[in-house]
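For the numbers below, each heavy atom of this structure counts, side chains included, while hydrogens, waters and symmetry mates do not. Worth saying up front: this structure is predicted, and the values here are computed from it rather than measured.
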Amino acid sequence: RTTAAREMGASVRLCDALARAEDEAAFFAAIDAARRALLGEGLLTVSAYEAPRSWLERVWSSNPQAYPVGGGKHKGDTPWTRQVLQRGEVFVGEGDAAIALAFDDHDRIRGLGLHAVVNVPLLWRGACIATFNVLRPQPRWAPQEIAHVRTLAQIGLAAMVARRES
């Protein structure tokens, strides 16, 4: 199949699955299926962000054994925190060195065979309310792949706004 046909099929399947999703888990599972179809194997996590405490809490994970739902961490003042959580800018980390600079759990990430990351801040009314995090085995991202991650993240924003406002 051509890339365009693969992408169109993934989009149609995602739309159909989202229309049937009855809860947050099904919603993110549909997004993760599209991620796998578009980008291949890897890891997707989504974390809610509480700015006053600078606290991230995982609300969805494609690998709950390694990264369970409910896991949380305080994010101190780091370049990553300023970029993603405060300025609301996408972070692209390519290769083990970039991941090691940004994440305390870089050994676990490398142990899972993951070597690149895209973190997308989910912004609502100008403030970060969550992060959408995709990791992969390949150490580099093509611009089109980053665009796919960003698009899927924006779809995920709907669930995080619903969570916040419920």
Side-chain angles (χ1 to χ4, degrees), residues 14 17-18 21-36 38-39 41-112 114-136 141 143 145-166:
L14 174 60
L18 291 173
E22 294 188 13
D23 58 27
E24 185 178 272
F27 191 87
F28 283 120
I31 293 171
D32 189 50
R35 179 205 51 91
R36 286 191 319 274
L38 293 167
L39 302 169
E41 291 306 311
L43 172 69
L44 168 63
T45 66
V46 180
S47 295
Y49 178 57
E50 294 179 36
R53 298 191 309 145
S54 194
W55 181 259
L56 284 169
E57 182 172 334
R58 198 171 309 105
V59 300
W60 200 86
S61 175
S62 65
N63 184 345
Q65 294 76 29
Y67 286 94
V69 169
K73 57 185 165 186
H74 177 265
K75 292 302 285 185
D77 184 28
T78 68
W80 184 93
T81 300
R82 289 188 295 275
Q83 179 178 339
V84 176
L85 301 178
Q86 294 173 5
R87 293 194 308 268
E89 299 168 357
V90 174
F91 174 80
V92 178
E94 297 180 310
D96 294 337
I99 289 175
L101 284 173
F103 303 107
D104 295 336
D105 59 344
H106 57 89
D107 287 332
R108 180 186 309 177
I109 292 168
R110 189 174 47 251
L112 292 170
L114 304 170
H115 305 287
V117 62
V118 176
N119 303 113
V120 180
L122 301 183
L123 305 179
W124 181 242
R125 298 182 176 152
C128 182
I129 64 166
T131 62
F132 186 94
N133 316 293
V134 175
L135 296 96
R136 68 182 297 174
W141 295 97
E145 293 171 324
I146 296 169
H148 285 318
V149 173
R150 293 182 71 179
T151 299
L152 293 172
Q154 292 310 306
I155 294 167
L157 175 62
M160 297 311 295
V161 170
R163 165 185 279 267
R164 182 180 176 101
E165 296 186 351
S166 64

Under 4.5 Å between any side-chain heavy atoms of [X] and [Y], yes or no?
| X | Y | value |
| --- | --- | --- |
| F27 | V46 | no |
| L135 | L112 | no |
| V90 | P121 | yes |
| E145 | V118 | no |

* side-chain hydrogen bond (donor to acceptor under 3.5 Å, both in side chains) partners for Y49, two or more places apart -> none
So, does [X] use its side chain to make a donor-acceptor pair with the main chain of [Y] at under 3.5 Å?
| X | Y | answer |
| --- | --- | --- |
| S61 | Y67 | yes |
| S62 | L43 | no |
| N63 | A66 | yes |
| R53 | H74 | no |
| T81 | G76 | yes |

What are the two closest heavy atoms between [X] and [Y], and how far apart are they?
| X | Y | result |
| --- | --- | --- |
| L56 | S47 | CD2-CB, 4.0 Å |
| V84 | T131 | CG1-CG2, 4.0 Å |
| G70 | E57 | O-CG, 3.9 Å |

Mark yes when over 12 heavy atoms from residues, nucleotides or ligands other than [X] sit less than 6.0 Å from its [atom1]; otherwise mark no.
| X | atom1 | answer |
| --- | --- | --- |
| R164 | CZ | no |
| R108 | CZ | yes |
| E22 | CD | no |
| D104 | CG | no |

Could you tell me the separation between the [atom1] atom of [X] and the [atom2] atom of [Y], rounded to the nearest 0.5 Å?
| X | Y | atom1 | atom2 | result |
| --- | --- | --- | --- | --- |
| M160 | W124 | CE | CH2 | 13.0 Å |
| T151 | I31 | OG1 | CD1 | 11.5 Å |
| T45 | N119 | OG1 | CG | 7.5 Å |
| L14 | L152 | CG | CG | 6.5 Å |
| R136 | R35 | CZ | CZ | 10.0 Å |
| Q86 | T78 | CD | OG1 | 8.5 Å |

* To do: Take W141 and V134 through the side-chain contact (heavy atoms from CB on, under 4.5 Å) test and state the conclusion after the steps.
  => CA-CA 11 Å; W141 295 97; V134 175; 3.8 Å; yes
* What's the verdict on side-chain contact (heavy atoms from CB on, under 4.5 Å) for F132 and L157, showing C-alpha distance, side-chain angles and the deciding distance? -> CA-CA 9 Å; F132 186 94; L157 175 62; over 6 Å; no
* For F103, ring-ring contact (aromatic ring centres under 6.0 Å, His included) partners two or more places apart -> W80
* Kindly determine whether V120 and Q154 satisfy side-chain contact (heavy atoms from CB on, under 4.5 Å), including the steps that lead there. => CA-CA 9 Å; V120 180; Q154 292 310 306; 4.2 Å; yes
* Structure fact -> side-chain contact (heavy atoms from CB on, under 4.5 Å) filter on D96, not counting sequence neighbours, yields R110, H115
